[in-house]
Amino acid sequence: MLTININGNLGNQEVQLSDNSFGQLAGIRVFGGIAGGPQVIQWTFTSTGHKHEGFVYAGDLVEGLVINSITGKNQYKVHFVTK
């Protein structure tokens, strides 16, 4: 399992993983299925140099959340940092 270090004060950002590799985390707001429904953020992670498999996740990122990569090859544990 890899830890993905996220600065909660930023939106789209370059992130560092626990194995010292890097990737790009991007989020966009999407709407629910019903017109005027609740908004949710869809997060997409892509590993720099394709070292690890990426993921797409819809919802809130919280400390300790574990997200599986697209086919389950990798797992990412969310950790918030301030730098």
Item to check | Pairing residues for T82 by the side-chain hydrogen bond (donor to acceptor under 3.5 Å, both in side chains) criterion, not counting sequence neighbours | outcome: none
Checklist entry - What class does the angle between the rings of Y76 and F55 fall in, given that below 30° is parallel, 30 to 60° is tilted and above 60° is perpendicular? => result tilted
Next on the checklist: Determine whether I6 and V81 satisfy the following criterion, side-chain contact (heavy atoms from CB on, under 4.5 Å), listing intermediate values before the conclusion.
Outcome noted: CA-CA 6 Å; I6 301 169; V81 297; 6.0 Å; no
Checklist entry - Among all residues two or more places apart in sequence or in another chain, which pass the side-chain hydrogen bond (donor to acceptor under 3.5 Å, both in side chains) test with E53? => result S69, T71
Checklist entry - If you measure from CG on N74 to CE on M1, what distance do you get to the nearest 0.5 Å? => result 11.0 Å
Next on the checklist: With rounding to the nearest 0.5 angstrom, report the OG to CG distance, S47 to L2.
Outcome noted: 8.5 Å
Next on the checklist: To the closest 0.5 Å, what do you measure between CG (D19) and NE2 (H52)?
Outcome noted: 3.5 Å
Item to check | Rounded distance (nearest 0.5 Å) linking atom CD1 of I28 with atom CD1 of I41 | outcome: 10.0 Å
Item to check | Verdict with supporting geometry, L10 and N12, side-chain contact (heavy atoms from CB on, under 4.5 Å) | outcome: CA-CA 6 Å; L10 301 175; N12 299 341; over 6 Å; no
Checklist entry - Can you check side-chain contact (heavy atoms from CB on, under 4.5 Å) on L17 and I4, steps first, answer last? => result CA-CA 5 Å; L17 302 175; I4 184 169; 3.7 Å; yes
Checklist entry - Quick check: does any side chain N or O of T46 sit under 3.5 Å from a backbone N or O of G54, one acting as donor and the other as acceptor? => result no
Quiz: residues 59-68 side-chain donor-acceptor pairs under 3.5 angstrom, not counting sequence neighbours:
unit_1	atom_1	unit_2	atom_2	d
E63	OE1	F80	N	2.9
E63	OE2	H79	ND1	2.8
N68	OD1	Q75	NE2	2.9

Item to check | Spatial distance of atom CZ (F45) from atom CD1 (I70) [nearest 0.5 Å] | outcome: 11.0 Å
Next on the checklist: Could you measure the distance from the CD atom of Q13 to the CD atom of Q24? Nearest 0.5 Å is fine.
Outcome noted: 8.0 Å
Next on the checklist: Applying side-chain contact (heavy atoms from CB on, under 4.5 Å) to V56 and Q42, what does each step give before you reach the verdict?
Outcome noted: CA-CA 7 Å; V56 176; Q42 178 178 301; 3.8 Å; yes
Item to check | Joint hydrophobic cluster, V78 plus V40, side-chain heavy atoms closer than 4.5 Å | outcome: no
